[in-house]
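Letters A, B, ... are given to chains in the order of the sequence lines, protein chains preceding strands, and every chain is numbered from 1.
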Amino acid sequence: SQWGEENLQALSIQEGEDVTMNCSYKTYTTVVQWYRQKSGKGPAQLILIRSNEREKRSGRLRATLDTSSQSSSLSITGTLATDTAVYFCATNYAQGLTFGLGTRVSVFP
Amino acid sequence: ETAVFQTPNYHVTQVGNEVSFNCKQTLGHDTMYWYKQDSKKLLKIMFSYNNKQLIVNETVPRRFSPQSSDKAHLNLRIKSVEPEDSAVYLCASSYQPSGNTLYFGEGSRLIVV
């Protein structure tokens, strides 16, 4: 498997709190992408971070990449109930992407 | 706004029947994919199709076959479904086959009884 076993998580937090989720991967990749999947929908990309970047921000999102430890994190600041979703990290595959196990984040008002 | 369209959204069928799922993308992408998502939300790539080149994940059973009429369409046919085929099938597309953003449809849920 491309993925470390620690990827599977479920987090429950209150609105307004910050949350960080992690993933680790086993083989080289040129990019790490983070996707969010809301109930009944397909995954949608949130942020893409390249192997020559250590950090990338987009609004309330912050992604980090450590190529030496082959790990990435996604942080969401000031969570909203609408952030409730499953979050995936993904890396290059022969064609397309291979996805991690996902983190289920539930944000309660 | 969704630009990858899948039909049907939901299908219930009996073991041994044939099922087809349709996918169309209006993004002008040249690569399309099918992913299978199980009940634990695990996403596994099944096929990718780029410039008439098909790449098949070796773990996909032979009863699954993709069908493409042009680069905007990639359908999935399952011949003789089995209970373990119950899942959500997600179609996606991208500009190029590797390292680029995937745009997903909303999925087609298959229930095999």
Side-chain angles (χ1 to χ4, degrees), chain A residues 1-5 7-11 21 23 25 27-53 56 58 61 63 65 67 72 84-106, chain B residues 1-7 9-10 21 23 25 27 29-60 66 74 87-109:
Chain A
S1 169
Q2 160 73 326
W3 301 99
E5 295 300 319
N7 286 347
L8 179 61
Q9 286 188 78
L11 304 173
M21 55 207 92
C23 79
Y25 54 92
T27 59
Y28 174 77
T29 184
T30 58
V31 298
V32 172
Q33 301 186 38
W34 284 89
Y35 285 75
R36 176 173 65 188
Q37 184 177 25
K38 295 194 173 185
S39 180
K41 304 292 185 183
Q45 190 203 63
L46 295 174
I47 201 163
L48 182 154
I49 184 166
R50 300 191 183 278
S51 56
N52 61 351
E53 300 174 304
K56 192 144 185 200
S58 175
L61 305 175
L65 178 59
T67 53
S72 178
T84 294
V86 178
Y87 292 79
F88 297 95
C89 58
T91 60
N92 291 4
Y93 186 61
Q95 283 201 15
L97 300 173
T98 181
F99 286 80
L101 296 176
T103 300
R104 184 182 296 277
V105 175
S106 301
Chain B
E1 188 173 357
T2 305
V4 179
F5 304 95
Q6 293 185 233
T7 57
N9 294 328
Y10 184 86
F21 295 117
C23 181
Q25 55 96 2
L27 296 167
H29 291 162
D30 55 14
T31 307
M32 295 184 71
Y33 313 83
W34 278 102
Y35 280 80
K36 179 181 180 181
Q37 186 169 44
D38 65 19
S39 58
K40 296 182 179 179
K41 297 296 185 182
L42 183 62
L43 276 161
K44 284 192 172 178
I45 190 166
M46 301 177 71
F47 304 100
S48 66
Y49 196 79
N50 169 257
N51 291 329
K52 300 187 178 180
Q53 180 192 19
L54 175 67
I55 294 184
V56 181
N57 186 318
E58 61 188 15
T59 65
V60 174
L74 184 66
V88 175
Y89 293 89
L90 288 155
C91 176
S93 69
S94 69
Y95 276 115
Q96 290 175 11
S98 183
N100 285 284
T101 302
L102 296 190
Y103 294 82
F104 284 87
E106 295 195 342
S108 296
R109 180 177 294 276

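Side-chain contact check for B:Tyr103 versus B:His29: some heavy-atom pair is nearer than 4.5 Å.
Between chain A and the residues B:Val88, B:Ile55, B:Leu102, the largest count of heavy-atom pairs under 4.5 Å involves B:Leu102. In terms of heavy-atom pairs under 4.5 angstrom with chain A, the leader among B:Gln37, B:Lys44, B:Arg109 is B:Gln37. Of the listed residues (B:Leu43, B:Leu42, B:Asn9), the one with the most heavy-atom contacts under 4.5 Å to chain A is B:Leu43.
Ring-plane geometry between B:Trp34 and B:Phe21 is classed as tilted, the angle between the planes lying from 30 to 60 degrees on a 0 to 90 degree scale.
The backbone N or O of A:Ala90 lies less than 3.5 Å from no partner atom in the side chain of A:Gln33, so there is not a single donor-acceptor pair.
Here the rule is side-chain contact (heavy atoms from CB on, under 4.5 Å) with A:Trp34, and of A:Ser58, A:Pro43, A:Cys23 only A:Cys23 fits it.
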